[in-house]
Structures are given as structure tokens and as C-alpha cells.
Amino acid sequence: MPTSSRPVYRFAPSPNGHLHLGHALSGLLNYEAAREAGGRFLLRIEDIDIIRCTPELTREMLEDLAWLGLSWEEPVRRQSDDFNDYRAALARLDEMGLIYRGYLTRSEIKAHVAAHEAGARDYPRDPDGAPIYPGDEAVLSAEEIKRRKSSNAPFALRLDMEKALARIGKPLTWREAGSGPNGEHGLLVADPASWGDVVLARKDTPTSYHLSVVVDDALQGVTHVMRGQDLFFATAVHRLLQALLDLPEPVYHHHRLILGPDGRKLSKSSRDTSLRELRAAGHTPADIRAMIALR
Ligand code: GLU
């Protein structure tokens with residue numbers, strides 16, 4: 001098959017801790033789906049957080065994945081090498097007038113939400129449970145906003161959701177080949193507004209998860225985004241950014257999550273499910289497959 005017509009899958013972990021059983025499931029599902037479809041399998045290192053994603057963790061991540069039986073195309077795309085691609089996408093959104101600087105700190109947002117909820121009113125939250133950005137004017141005086149602007153205070157570059165949606169002017173959809181947490185499947189309507197004014201970059205980091213994932217999937221020609229259900233709702237933001245930046249729309253396939261004994265999503269800090277610990281304890285890749293119910 002010519003490269004251009006082959007499906008392209010990718011597995012895009014972040015080396016900010018050791019990989020766990022959930023990553024094993026995602027990596028193996030992508031790898032095997034690509035193989036079954038006669039497609040390509042790419043590995044992408046999502047290390048925009050250059051403080052937490054160390055070279056050591058990156059090296060160990062590649063080692064764990066190879067041990068598990070995965071192989072991937074070289075060169076591997078590493079987001080920390082590609083900040084200029086994200087800067088260019090951000091500049092395009094800025095030219096469209098869709099980006100603004102938000103100066104509120106996390107603790108200011110928290111205090112604002114607490115004051116609101118003290119009045120027994122629910123504060124609007126995004127699908128991950130984080131408060132929707134209230135806007136600087138809702139919290140700071142005009143003088144304070146002016147002071148922060150002129151003193152080059154820390155800020156987040158946010159997408160003006162209302163303007164962005166107005167620019168697109170029609171409902172966005174995506175094709176879900178897997179399923180959402182409530183069994184959502186097939187042609188789905190995206191609801192980016194539920195996220196409010198999402199962060200696309202910060203004063204010292206020229207990108208964010210949402211922006212870089214969308215830019216990279218397009219640059220790498222990814223046709224199938226297969227990932228955990230924890231990212232199901234984020235797809236709405238991704239579809240919006242794709243529409244704004246004229247990027248192609250991949251098929252999405254969200255898969256089940258591996259839960260810990262407490263019924264919660266695994267985290268990179270829970271050592272008993274890290275692939276390295278399991279391997280050190282003598283488990284084989286076949287044992288890992290059994291643990292995540294993969295045949
Ligand atoms: N880097 C993200 C993570 O480790 C995955 C991004 C994606 O698959 O869209 O959770």
C-alpha cells in the first residue's frame with residue numbers, strides 16, 4: 001500500500017513518570033490496530049512539560065515499551081523539539097483575534113469559585129471538573145489588570161471560546177469508533193463550549209496539551225486517534241482547533257481505562273502498577289497482557 005493511503009496510528013505518552021498498565025493497554029491497542037489495518041504505528045513523546053519530563057524518564061519509557069513488544073517508526077517526534085510548530089499555530093489563532101492573555105492565578109480562580117459557592121450557587125465547571133475561566137474583569141479591578149499587563153506578570157494565553165465558535169458558525173462533530181464513558185459511539189456532536197476559554201499556552205511555554213496534540217496529529221498525518229476514555233471530552237476542543245486551523249479530522253477511538261483496586265484511574269505515582277516495578281518483580285509481557293485482559 002502506498003504510504004499516503006495507509007492508516008496512521010500513534011501512541012503519545014508523556015514521560016512525566018513511569019508508564020503503568022493503562023499505558024500498556026493504549027500502546028498495545030494502537031500497535032495492534034495499526035498492524036491489523038496494514039497501517040503505520042508512530043510513537044510520539046509528549047514532553048512539553050520540560051521540568052517534569054526528564055531525559056531519564058524518556059529513556060526508561062522507550063525501554064519499557066520495547067520490552068512490552070512494541071516497535072515504532074524512527075525518528076520519533078518529541079514535542080520539546082517542535083515548539084516552533086506550536087508557536088506558528090498560536091500565531092495564526094492570534095491573527096484571527098481568538099487569543100487573549102488571562103492573568104488570574106490558580107489561587108485567585110479558586111478563591112473566586114469558593115466565594116461564589118459560599119452563596120450556595122454551583123460554579124460552572126468543565127468536563128474534567130475544573131472551574132470555567134471567569135475572565136479577569138470578574139475578579140480584578142481595571143487598575144490591577146493594567147498593572148499586570150505593564151509589569152509583564154505571568155499569564156495564560158486563552159482561546160476566546162465565544163469568538164472561536166462564532167467564527168466556525170456551525171456545530172462540529174466527530175466520528176467515534178470506540179466509545180465514550182457513557183457508551184457514546186458513531187457520529188457525535190462536539191461541545192467545546194463546555195470547556196470555556198481553554199489555555200493554549202503560557203507566558204513561558206508556547207503551547208499546551210490541546211494545541212500540540214492537534215498540531216502534531218495533523219503534521220504526522222495521523223488518521224486514527226486511539227486513546228483512553230479520560231480524553232473523550234477533550235476531543236471537542238481538538239475538533240474546534242482543527243476547524244480553526246484547517247486541519248484534517250482523524251477518526252477517534254476512545255478505549256476503556258484500567259482502574260486501580262480503589263476503582264480510580266491509575267496514576268503514574270502508583271508504583272504497584274508501573275511496568276518497571278512489575279517487570280522487576282519478574283512478570284513477563286504475557287503477564288501484563290493478562291493483567292489488562294488483552295488476548
Ligand atoms: N500525552 C497524553 C497522555 O499521556 C495523551 C495524548 C493523546 O493521546 O491525545 O495522557
Side-chain angles (χ1 to χ4, degrees), residues 7-31 33-34 40-54 57-58 60-62 64-65 68 70 72 76-83 85-86 89 127-128 130 174-181 190 192 195 198-200 205 207-242 247-259 264-270 273-275:
V8 181
Y9 288 77
R10 73 357 176 234
F11 175 50
S14 298
N16 53 8
H18 286 137
L19 299 183
H20 56 57
L21 289 171
H23 298 104
L25 178 67
S26 211
L28 286 163
L29 285 176
N30 272 288
Y31 178 70
R40 300 168 58 203
F41 173 70
L42 310 179
L43 177 68
R44 183 164 76 224
I45 301 173
E46 301 218 321
D47 61 347
I48 57 172
D49 180 348
I50 50 177
I51 308 289
R52 289 171 65 214
C53 298
T54 62
L57 284 169
T58 304
E60 291 176 348
M61 184 178 92
L62 298 176
D64 290 347
L65 293 173
L68 203 58
L70 302 192
W72 48 85
V76 168
R77 187 168 170 94
R78 193 181 288 246
Q79 291 185 327
S80 58
D81 290 339
D82 299 318
F83 282 147
D85 291 327
Y86 315 130
D128 281 348
W174 84 82
R175 179 129 345 244
E176 176 62 51
S179 73
W195 290 92
V198 286
V199 174
L200 294 186
T205 312
T207 189
S208 62
Y209 161 62
H210 294 307
L211 185 66
S212 40
V213 87
V214 158
V215 168
D216 284 351
D217 284 340
L219 280 174
Q220 295 189 286
V222 170
T223 58
H224 290 72
V225 172
M226 192 183 258
R227 61 187 177 192
Q229 273 169 351
D230 51 333
L231 293 169
F232 175 79
F233 293 105
T235 309
V237 176
H238 303 171
R239 288 292 300 117
L240 176 60
L241 292 174
Q242 285 158 357
L247 303 177
E249 175 188 352
V251 173
Y252 286 89
H253 184 132
H254 292 92
H255 62 70
R256 65 188 164 95
L257 297 176
I258 305 289
L259 303 178
R264 297 174 56 149
K265 204 180 102 175
L266 298 183
S267 91
K268 287 203 177 91
S269 50
S270 52
T273 50
S274 104
L275 298 182

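Predicted model only: the values in this text are computed from it and were never measured. Atoms within each ligand, like the ligands themselves, are counted from 1 in listed order.
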Partner of His238 under ring pair (Phe, Tyr, Trp, His ring centres under 6.0 Å), chosen from Tyr209, Phe232, Phe233: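 Of Tyr209, Phe232, Phe233, ring pair (Phe, Tyr, Trp, His ring centres under 6.0 Å) with His238 is met by Tyr209 alone.
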Can you tell me which portion of Tyr209 lies within the under-4.0 Å heavy-atom range of ligand 1? Options are side chain, backbone, both, or neither.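 Within the 4.0 Å criterion, Tyr209 contacts ligand 1 through side-chain atoms alone.
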Side chain, backbone, both or neither: the part of Leu231 lying under 4.0 Å from ligand 1 by heavy atom: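 Contact part for Leu231 vs ligand 1: side chain (C-beta onward).
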If you measure from the Lys or Arg side-chain nitrogens to the Asp or Glu carboxylate oxygens, is any gap between Asp85 and Arg77 under 4.0 Å?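 So Asp85 pairs with Arg77 through a salt bridge.
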Where do His210 and Leu241 come nearest, in terms of heavy atoms and distance?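 Minimum heavy-atom contact is O-CD1, 3.8 Å.
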Determine the minimum heavy-atom distance between Thr205 and Ile48, stating which atoms define it.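 That would be CG2-O, 4.2 Å.
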Contact with ligand 1 for Arg10, non-hydrogen, under 4.0 angstrom: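 Yes, Arg10 has a heavy atom closer than 4.0 Å to ligand 1.
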Parallel, tilted or perpendicular, judged at 30° and 60°: which one describes the rings of His20 and His23?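 His20 vs His23 ring planes: tilted.
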So, is His23 polar-close to ligand 1, with some N/O to N/O distance under 3.5 Å?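 His23 vs ligand 1: no N/O contact under 3.5 Å.
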Does any N/O atom on Val225 come nearer than 3.5 Å to any N/O atom on ligand 1?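 The answer is no, given that Val225 and ligand 1 share no N or O pair closer than 3.5 Å.
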Under 4.0 Å from a heavy atom of [X]: give me the atoms of ligand 1 that qualify, with their elements.
X: Glu46; value: 1 (N), 2 (C), 5 (C), 6 (C)
X: Ser14; value: 1 (N), 4 (O)
X: Val213; value: 9 (O)

For Tyr9 and Trp72, I'd like to know if the aromatic rings sit close, meaning centre-to-centre distance below 6.0 Å.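 Ring centres of Trp72 and Tyr9 not closer than 6.0 Å.
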Is it the case that more than 12 heavy atoms not belonging to Leu219 sit under 6.0 Å from its CG atom?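 Yes, CG of Leu219 has more than 12 neighbouring heavy atoms, counting only those of other groups under 6.0 Å.
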Protein residue, atom and distance nearest to atom 5 (C) of ligand 1, heavy-atom basis: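 Protein heavy atom at minimum distance: Ala12 O, 3.4 Å.
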